[in-house]
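The structure under discussion appears below in the form of structure tokens.
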Amino acid sequence: MEFLNELNPSQYEAATHVEGPMMVIAGAGSGKTKVLTSRIAYLIENGVDAFHILALTFTNKAAREMKNRISNVVGESEAKNVTMGTFHSVFARILRHHADRLGYPSNFTIYDTQDSKSLIKSIIKEMGLDDKIYKPGVVLSRISSAKNNLISATQYEQKSDIVAVDRMSAKPQLYLIYKQYEQRCFKASAMDFDDLLFKTNLLLRDFPDVLQYYQHRFHFILVDEYQDTNYSQYLIVKKLAAVHENLCVVGDDAQSIYAFRGADIENILNFEKDYPDYKLFKLEQNYRSTKNIVEAANSVIGNNKNQIKKTVWTQNDTGNKIKVVRTLTDNEEGRWIANSIYDNKQASGELHSNFAILYRTNAQSRAFEEALRKLNIPYRIYGGLSFYQRKEIKDLIAYFRLVCNPNDEEAFKRVINYPKRGIGDSTIDTLFVASQNYQIPIWELIENFHQYPVNINGGAKSKIEQFVMMINRYRGQLETHPASDIAEDIARSSGISKLLYDDKSPEGVARHENIQELLAGIKEFSDSGEEGELLTLGDFLLDVALLTDADDDKDKETPRVSLMTIHASKGLEFPHVYIVGLEENLFPSQMALHSRADLEEERRLFYVALTRAEKKCTLSYSMCRYLYGRPTTSEPSRFIQEIDPAYLEIEVPNKPESGRSLNLARPVLSTPSSGLSGSFKSVQQVRPMNDHLKKNSDIKVGHVVMHEKFGKGKVLSFEGAGSDKKVKIFFAGNGEKTLLMKFAKLEVLD
DNA sequence: GGAGCTTCAATTTTT
DNA sequence: TTGAAGCTCC
């Protein structure tokens with residue numbers, strides 16, 4: 001077993017320990033994934049049937065990576081038999097298998113966060129509550145944390161302490177929303193993300209035969225990132241492992257940064273209580289970073305009370321000290337960092353992909369984008385909307401969902417009138433009210449108007465019937481046609497494809513391309529099956545519902561600087577890391593200052609940030625930054641002081657009168673080499689607001705004008721007068737538009 | 001139904 | 001500042 005030779009002694013011990021409960025505390029950069037994959041390979045090589053192994057991760061990416069690594073060692077055909085995936089995807093599959101036990105059909109829909117919010121919003125509206133007080137996002141997070149603690153709506157209502165909290169925050173009816181939400185999800189044959197774990201718990205609790213089956217199937221269970229498990233996940237793992245107790249959990253309490261989402265660090269701290277005879281392994285040698293970085297990170301995390309004792313060390317070089325930079329403004333911070341990347345690249349000849357800028361909040365990215373653009377440094381922002389969250393993708397997928405599960409209310413709402421087919425909001429509202437009154441799913445209602453009279457006009461009714469026929473036609477093909485056939489048919493005959501094709505604005509073109517890309521992806525999926533295997537649209541949805549990361553490494557060819565939040569950087573590493581915005585109220589976040597636990601989580605976040613760096617790490621803070629459009633002064637973060645100064649190198653602060661301040665920033669620095677879009681954007685921002693009012697009166701027929709959104713166009717004619725005066729313009733690419741003169745922002749070009 | 005205005009709020013977010 | 005969502009007018 002050659003792969004074992006690559007392990008150091010403590011890694012080796014952990015990877016080759018077979019029986020019984022064990023916990024691996026893996027410091028940052030200590031080869032955690034390597035141990036996990038080696039252990040699985042070791043089990044298989046020692047005769048354990050891959051079929052009996054369950055490995056749970058938190059991200060698809062981690063699961064994919066592990067699967068690949070294991071394939072490389074034991075071969076793909078063996079690796080394939082390991083049950084490996086995210087908690088959500090593994091248990092979603094198990095739930096599909098036993099859905100009938102819970103009264104669900106096996107083709108249940110998985111609601112994403114948007115769906116959940118939208119449903120909660122309609123419930124709030126239907127109950128006549130104020131959505132200023134009952135904010136859908138807040139309500140959802142209350143419900144979510146209840147579910148993660150295995151509290152059902154009925155139990156929620158009975159827990160006086162929980163209800164009291166809601167009453168204190170002026171939301172006494174929250175339990176009723178939860179109840180409604182629970183019912184509506186059930187009626188729609190839908191489970192949200194939390195349900196996948198919650199219902200798995202119900203399944204294992206209420207059906208002993210199911211529990212026993214999986215207890216005996218999974219002889220070996222491995223859990224990655226154990227510090228991020230919530231109570232619901234903890235209990236599933238505990239139950240499944242109860243017979244064989246061959247449970248191996250791997251994690252790092254110092255890197256727990258998702259408590260705000262219900263992750264319970266106690267799970268790792270209490271492992272000992274559940275399994276008193278457990279074996280503890282510690283991976284303390286860091287292979288990633290220089291001594292300075294490792295020691296600096298240690299000195300920071302030492303300020304946390306709540307932690308498992310360990311000493312992370314490294315044999316790597318001492319390396320450079322961590323640089324601390326102070327700038328006057330956020331824009332200057334951006335420029336300083338961009339310049340530093342430029343200089344470092346010049347000096348070392350490294351790729352841009354060796355550099356990362358990490359920040360606490362997404363909003364901070366702007367200054368860095370601008371500065372990097374001006375220096376023509378390619379970058380990529382991680383986070384933001386992933387492919388599957390784009391509206392056009394969600395719309396098309398909503399058709400797929402509706403075809404597979406017509407009770408899916410959220411999918412129904414999305415597509416019933418998209419593309420426009422003359423079924424308006426009031427009609428839809430009437431349908432929803434009627435479906436509530438009749439106590440039936442909305443699809444049953446509209447399929448059977450003759451049976452359930454509804455007060456809507458004949459025109460709308462026949463349009464709905466047409467819609468029903470269209471969806472039913474696809475439904476008929478569901479089990480006989482490959483996913484790609486139906487998908488392409490839907491995209492075409494629903495009108496979505498044409499609608500986006502006809503939109504020639506840059507956004508429209510991009511949207512159409514996205515749809516094409518999705519269809520191509522489905523085609524690839526359909527073709528990926530074994531000989532003679534039919535992969536249906538339902539199979540595709542099963543795959544796609546839990547895929548959130550875009551992982552489109554299409555533009556890999558250009559190495560790019562990475563920009564991301566620290567949360568998003570977990571698990572990654574870069575030779576050069578810039579941690580920016582190290583200011584009180586930003587990092588640590590203002591919201592985290594109230595409790596010790598929150599502050600400790602921020603500190604762990606900082607620890608994660610520091611330990612991303614391999615060679616050079618730079619910290620920056622600004623004395624002044626724009627916050628919500630207002631300039632705000634700021635203090636350096638306490639975290640800087642928490643680093644032992646022996647590992648720091650403070651840049652000489654620039655003098656306040658050094659000129660390069662606020663107002664000069666943008667216009668002065670725009671150079672001829674700057675990217676087109678960059679300079680264009682700043683020109684638009686600089687232009688005085690009322691400019692167009694003066695200009696519009698000068699416009700004559702035949703003039704070529706520029707419109708902010710539609711681009712260049714030619715004035716065809718005028719209509720009306722005074723404040724109603726309209727202008728008809730032909731835009732290249734956007735066609736003819738009639739605009740109100742008083743609103744249109746036009747600029748005469750000749 | 002759509003365009004364009006006003007208004008309001010504003011961490012982090014593996015699924 | 002940005003953006004989403006609501007409102008108003010054709």
Side-chain angles (χ1 to χ4, degrees), chain A residues 56-63 85-92 110-113 116-117 121 131-132 135-137 140-141 144 148 191-197 224-225 227-230 232-233 255-263 330 358-367 382-386 388-389 417-425 544-549 551 564-571 581 585-593 598 601-602 604-605 608-609 625-632 685 708-710 719-720 723-724 726 737-740 742-745:
Chain A
L56 296 167
T57 65
F58 276 81
T59 65
N60 293 305
K61 199 171 141 207
T86 64
F87 272 89
H88 290 83
S89 72
V90 166
F91 295 118
I110 297 170
Y111 275 178
D112 68 14
T113 311
S116 300
K117 266 196 200 151
K121 206 170 166 184
D131 68 355
K132 291 269 151 46
K135 290 183 195 151
L140 177 62
S141 85
S144 169
N148 287 154
M191 295 196 197
D192 65 16
F193 286 144
D194 303 315
D195 280 333
L196 296 176
L197 307 170
D224 191 17
E225 307 278 14
Q227 77 281 352
D228 288 335
T229 48
N230 59 36
S232 183
Q233 290 162 324
Q255 293 187 64
S256 160
I257 54 174
Y258 284 104
F260 73 95
R261 288 183 49 147
D330 45 0
L358 309 181
Y359 34 76
R360 177 68 240 262
T361 67
N362 286 119
Q364 287 166 257
S365 69
R366 205 211 78 252
Y382 289 77
L385 270 199
S386 81
Y388 293 104
Q389 287 172 314
N417 199 32
Y418 180 82
K420 298 270 174 312
R421 49 175 71 86
I423 305 171
D425 287 346
V544 90
L546 297 168
L547 263 190
T548 46
D549 50 349
D551 76 292
M564 64 184 92
T565 64
I566 300 165
H567 282 90
S569 76
K570 198 173 139 190
N585 295 327
L586 180 62
F587 192 20
S589 158
Q590 195 181 349
M591 328 283 274
L593 300 179
D598 286 347
E601 176 145 320
E602 293 285 303
R604 291 192 295 269
L605 193 57
V608 167
R625 84 169 49 241
Y626 276 92
L627 223 57
Y628 309 138
R630 310 260 91 202
T632 321
Q685 283 164 350
E708 228 178 15
K709 196 169 154 203
F710 301 127
E719 292 165 25
S723 69
D724 266 350
K726 285 173 232 161
K737 302 265 173 196
T738 306
L739 309 167
L740 270 177
K742 64 174 171 179
F743 294 133
K745 289 180 181 161

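We name chains A, B, ... by the order of the sequence lines, and we start the count at 1 in each one.
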Please determine whether a side-chain nitrogen or oxygen atom of N362(A) lies at a distance below 4.0 Å from atom OP1 or OP2 of dA10(B).
no

Students often get this wrong, so: under 4.0 angstrom with heavy atoms, is K420(A) touching a base, only sugar-phosphate, or nothing?
sugar-phosphate

Going by heavy atoms in the side chains, are F193(A) and L546(A) under 4.5 Å from each other?
yes

Of the nucleotides dT14(B), dT11(B), dA5(C), which has the atom closest to the S589(A) side chain?
dT11(B)

Using a cut-off of 4.0 Å on non-hydrogen atoms, how would the nucleic acid contact of T565(A) be classed: base, sugar-phosphate, or nothing?
sugar-phosphate

May I ask you to test the K570(A)-D228(A) pair for a side-chain heavy-atom distance under 4.5 Å?
yes

Here the distance between atom P of dT14(B) and atom CD1 of I257(A), to the nearest Å, is 11 Å

Reckon D228(A) touches a base, only the sugar-phosphate, or nothing at all at heavy-atom distances under 4.0 Å?
base

State, yes or no, whether a side-chain contact exists between R360(A) and L605(A) at a heavy-atom distance under 4.5 Å.
yes

Which atoms form the tightest heavy-atom contact between L56(A) and T86(A), and what is the distance?
CD2-O, 4.3 Å

With a non-hydrogen cut-off below 4.0 angstrom, is K132(A) in contact with a base, only sugar-phosphate, or nothing?
nothing

Measure from OH on Y628(A) to P on dG3(C) and round the result to the nearest Å.
14 Å

Would F260(A) count as stacking on dT12(B) if stacking means ring centres less than 5.5 angstrom apart and planes tilted under 30 degrees?
yes

Once you measure the plane-to-plane angle for F58(A) and F87(A), does it fall in the parallel (<30°), tilted (30-60°) or perpendicular (>60°) bin?
tilted

DNA chain B nearest-nucleotide lookup for G424(A) and E602(A): closer to the 5′ end is G424(A)

Where the side chain of A568(A) is concerned, which of dT13(B), dT12(B), dT2(C) is the nearest nucleotide?
dT13(B)

Students often get this wrong, so: under 4.0 angstrom with heavy atoms, is D195(A) touching a base, only sugar-phosphate, or nothing?
nothing

If I take atom CZ in residue F58(A) and atom P in nucleotide dT14(B), what distance separates them, rounded to the nearest angstrom?
13 Å

Could you measure between the two P atoms, the one in dA4(C) and the one in dT13(B), and give it in whole Å?
16 Å

4.5 Å side-chain heavy-atom contact, D598(A) and M591(A):
no

Spacing between R261(A) atom CZ and dT13(B) atom P, to the nearest angstrom
9 Å

Can you tell me how far C1' of dT12(B) sits from CD of E601(A), to the nearest Å?
8 Å

Measure CE/M564(A) against C1'/dT12(B) and give the value in whole Å, please.
14 Å

Its glycosidic angle compared against 90° from 0, dT11(B) adopts the form syn

Upstream residue (5' side of DNA chain B) when D598(A) and A263(A) are each assigned their closest nucleotide:
D598(A)

To the nearest angstrom, how far is K117(A) atom NZ from dA4(C) atom C1'?
11 Å

Contact class for R360(A) vs. all strands (heavy atom < 4.0 Å): base, sugar-phosphate, or nothing?
base

Base, sugar-phosphate, or nothing for F87(A), non-hydrogen atoms under 4.0 angstrom?
nothing

For I423(A) and dG1(B), give me the distance from atom CD1 to atom P, rounded to whole Å.
10 Å

